[in-house]
Number of protein chains: 2
Amino acid sequence: MIDKLEFLLALARERHFARAAEACGVTQPTLSAGVKQLEETFGVLLVHRGSRFRDFTPEGERVLSWARRIVGDARAMREEVHALKHGLNGRLRIAAVPTALAMVERVTTPFRERHPNVQFTVLSRNSGELLRLLDNLEIDAGITYLDNEPLGRVATIPLYRERYRLLISADAPLGNRDQVTWAEVAQVPLCLLTPDTQNRRIIDRLLREAGGDPQASLESNAMILLYAHVRTGRWASIMPARLAATLGLTEVLRAVPIVEPEASHTIGLVVPAREPMTPLTSALADETRRVAPSLAD
Amino acid sequence: MIDKLEFLLALARERHFARAAEACGVTQPTLSAGVKQLEETFGVLLVHRGSRFRDFTPEGERVLSWARRIVGDARAMREEVHALKHGLNGRLRIAAVPTALAMVERVTTPFRERHPNVQFTVLSRNSGELLRLLDNLEIDAGITYLDNEPLGRVATIPLYRERYRLLISADAPLGNRDQVTWAEVAQVPLCLLTPDTQNRRIIDRLLREAGGDPQASLESNAMILLYAHVRTGRWASIMPARLAATLGLTEVLRAVPIVEPEASHTIGLVVPAREPMTPLTSALADETRRVAPSLAD
DNA sequence: ATTACTTGATAGAATAACACTATCAATGTG
DNA sequence: CACATTGATAGTGTTATTCTATCAAGTAAT
């Protein structure tokens with residue numbers, strides 16, 4: 001039964017019978033039969049199919065949402081029993097928004113001190129993608145914005161507040177200032193994240209509210225690329241203060257606080273809203289709560 | 001997998017392999033094999049066995065608690081999909097404490113108006129037994145005391161407050177009074193529920209706190225038996241006011257409010273703390289919320 | 001229109017899983 | 001010490017599951 005529900009989850013992810021089957025490590029007829037068996041036991045069609053996968057029926061959507069929960073719980077059960085026997089081990093799959101990537105270390109480093117047998121996979125994802133992965137149980141936790149766009153059914157643990165700095169060469173027009181306004185920043189050509197990221201949407205909004213017309217002279221989804229450009233002193237960017245501090249400044253590169261307004265957003269851990277959590281997730285949440293005070297401001 | 005977890009739940013209920021097997025509709029070797037298979041997949045012993053069932057290992061207890069949740073969710077899923085197709089139907093299994101039995105009608109009657117295809121099984125159980133049944137998914141909901149003894153992991157919906165009356169013949173010493181004190185009642189031989197019931201423990205406590213020495217001249221776990229005695233006019237009892245009102249008074253039988261203190265306890269619906277609830281449970285909770293205001297005082 | 005490709009369903013065979021009956025060994029009980 | 005109780009084990013037949021191979025329906029391109 002649970003295997004069949006996993007088939008259904010894979011089908012929801014892949015929207016394609018053969019690919020879903022591959023993801024489950026079975027052949028396509030096996031997955032087709034599994035889905036059909038679910039439909040027979042429930043006595044309802046779950047999937048609209050023409051000659052190909054179309055979408056889920058309303059009943060299918062409901063089953064899907066139960067399946068997420070049941071499959072998640074079954075995994076949590078296995079994980080917990082394993083942890084009871086062998087101590088905390090396994091792999092934590094985490095995704096973080098690009099602006100928070102450099103801060104993941106603040107959690108993972110002390111976590112590893114405490115639980116050396118736990119391994120990590122950390123992905124860079126934009127916030128929307130991150131929530132989708134969390135929903136589909138493809139990651140165990142995410143680090144993203146908690147207070148800006150809606151999150152869905154998740155539990156959250158605040159980690160730190162993101163504040164904004166203009167990274168710019170000391171030689172440039174605004175480079176010698178102690179602070180600049182968003183209105184002033186709006187006049188500068190910037191290296192920014194792509195518009196699919198929440199950080200970019202936040203910055204665009206702030207620039208627009210200051211009467212500017214946001215346009216990035218260079219866009220990327222990788223923070224490291226933006227930084228590589230900025231540190232030449234020939235480009236400017238807006239980055240979270242903590243990120244700028246982590247990356248370090250050169251002799252010519254300055255991080256100027258941006259005011260009017262002194263905007264800030266909360267970054268934190270999001271985990272599936274399941275009670276009880278899996279032992280790994282629960283330990284990660286504990287570590288996050290432990291670390292957060294040292295990052296407060 | 002889910003079937004095996006059901007085996008485990010049955011074993012926890014029956015504490016006996018053969019009886020658990022019978023409850024699941026399989027033979028004893030089948031259930032033994034199922035449990036053993038769970039133990040193999042987890043790589044841990046779940047059950048301490050000597051020549052007979054002893055108890056669950058710590059890991060077994062954890063698996064058990066996950067099993068309750070997973071099996072419950074799987075049932076809820078089936079029920080919900082069925083309800084989507086055929087409207088709300090099926091059977092609601094409810095247990096109520098003896099003093100609340102007569103009030104169950106206040107919920108079931110309007111519920112049936114709304115959902116005529118739902119059938120009921122209503123059992124009389126003491127509060128401890130009721131919570132155990134709820135835990136083991138043997139009932140869908142209970143009606144019991146919400147504010148006296150601890151309940152465990154359940155969601156509660158208050159229904160009404162239970163207040164106490166001395167049911168006694170008008171000829172008897174206290175029979176002509178407008179109110180009596182608990183201290184006075186403590187002097188009267190009473191027909192009461194058995195001490196396994198929460199109502200009896202509440203009354204005993206109130207009598208003891210009034211300096212009395214509670215002793216029942218007749219005990220039963222069936223309210224109807226107590227009433228049959230009392231209505232002869234030759235016995236006395238303490239009953240909740242609403243129950244006395246439902247049963248009706250005879251010419252000689254009076255229901256005298258008991259004061260010092262004017263004790264009261266909240267009676268309400270308890271359902272498993274699962275989010276989302278099954279459609280039947282959810283509808284019952286809705287109905288209870290709808291009815292409660294008309295019973296408030 | 002015709003052809004080729006994509007996608008999911010179906011048929012048939014091999015294999016694995018499952019549940020049953022019968023029986024046994026261990027532990028209590030009178 | 002006989003005897004009942006309890007759960008594990010062996011052996012067997014049945015059912016489920018999964019695979020490979022193939023098919024039919026629908027799309028897209030020529």
Side-chain angles (χ1 to χ4, degrees), chain A residues 1-61 63-64 67 70-71 74 77-78, chain B residues 1-61 63-64 67 70-71 74-75 77-78 136:
Chain A
M1 180 78 179
I2 291 183
D3 326 335
K4 315 296 168 59
L5 293 178
E6 301 223 33
F7 289 177
L8 210 66
L9 291 186
L11 187 57
R13 276 203 303 278
E14 308 286 346
R15 304 183 68 79
H16 187 288
F17 277 72
R19 278 200 295 278
E22 195 189 349
C24 296
V26 297
T27 58
Q28 170 264 315
T30 300
L31 188 130
S32 284
V35 173
K36 173 177 282 186
Q37 188 186 311
L38 282 179
E39 291 181 326
E40 277 164 12
T41 57
F42 289 130
V44 234
L45 274 185
L46 300 177
V47 178
H48 284 307
R49 324 127 143 105
S51 69
R52 60 187 59 205
F53 177 89
R54 279 197 216 288
D55 59 358
F56 288 90
T57 63
E59 292 85 355
E61 294 285 355
V63 171
L64 209 50
I70 292 172
V71 167
M77 172 174 65
R78 276 187 270 270
Chain B
M1 180 76 179
I2 290 182
D3 323 336
K4 316 297 169 59
L5 293 177
E6 300 223 33
F7 289 176
L8 211 66
L9 290 186
L11 187 57
R13 276 202 303 278
E14 308 287 346
R15 304 183 67 80
H16 188 289
F17 278 71
R19 278 201 295 278
E22 195 189 349
C24 295
V26 297
T27 58
Q28 170 263 314
T30 299
L31 188 130
S32 284
V35 173
K36 173 177 281 187
Q37 187 187 310
L38 282 179
E39 291 180 327
E40 277 165 12
T41 57
F42 289 131
V44 237
L45 274 184
L46 300 177
V47 178
H48 283 308
R49 322 129 143 106
S51 69
R52 61 187 56 208
F53 177 88
R54 279 197 215 287
D55 59 358
F56 288 90
T57 63
E59 292 85 357
E61 294 285 355
V63 172
L64 210 50
I70 292 171
V71 168
R75 284 188 199 169
M77 172 174 64
R78 276 188 271 269
N136 287 336

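All values below come from the heavy atoms of this structure, side chains included, with hydrogens, waters and symmetry mates left out. We name chains A, B, ... by the order of the sequence lines, and we start the count at 1 in each one.
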Inset, instruction - Please name the residue in the list B:L45, B:V63, B:L8 that meets the side chain to side chain contact (heavy atoms under 4.5 Å, CB included) test with B:F56. - result: B:L8
Legend entry - Spacing of A:T57 atom OG1 and A:L64 atom CG [to the nearest 0.5 Å]: 10.0 Å
Inset, instruction - Treat primed atoms plus P, OP1 and OP2 as sugar-phosphate and everything else as base, then score nucleotides 7-15 of chain C 5' to 3': B for base contact with protein heavy atoms under 4.0 Å, S for sugar-phosphate contact only, - for none. - result: SBBB-----
Legend entry - Side chain proximity check, B:F53 to B:E14, heavy atoms < 4.5 angstrom: no
Inset, instruction - Figure out the CG/P separation between B:D55 and D:dG7, and round it to whole Å. - result: 13 Å
Inset, instruction - Side-chain contact test, heavy atoms from C-beta onward, threshold under 4.5 Å: evaluate it for B:I70 versus B:M1 and give yes or no. - result: no
Inset, instruction - Output the distance between atom CG (A:L46) and atom NZ (A:K36), rounded to the nearest 0.5 Å. - result: 12.5 Å
Legend entry - Partners meeting salt bridge (charged side-chain N to carboxylate O under 4.0 Å, His left out) with A:E39 (sequence neighbours left out): A:R49
Inset, instruction - Can you establish whether the number of heavy atoms outside A:E22 located under 6.0 Å from its atom CD is more than 12? - result: no
Inset, instruction - Report the distance from atom CG of A:L38 to atom P of D:dA16, rounded to the nearest whole Å. - result: 15 Å
List every contact pair, protein side and nucleotides 16-19 of chain C side both N or O, where the distance is under 3.5 Å.
unit_1 : atom_1 : unit_2 : atom_2 : d
C:dC18 : OP1    : B:K4   : NZ     : 3.3
C:dC18 : OP2    : B:Q37  : OE1    : 3.0

Inset, instruction - Evaluate the side-chain proximity of A:V26 to A:F7: yes if any heavy-atom separation is below 4.5 Å, no if none is. - result: yes
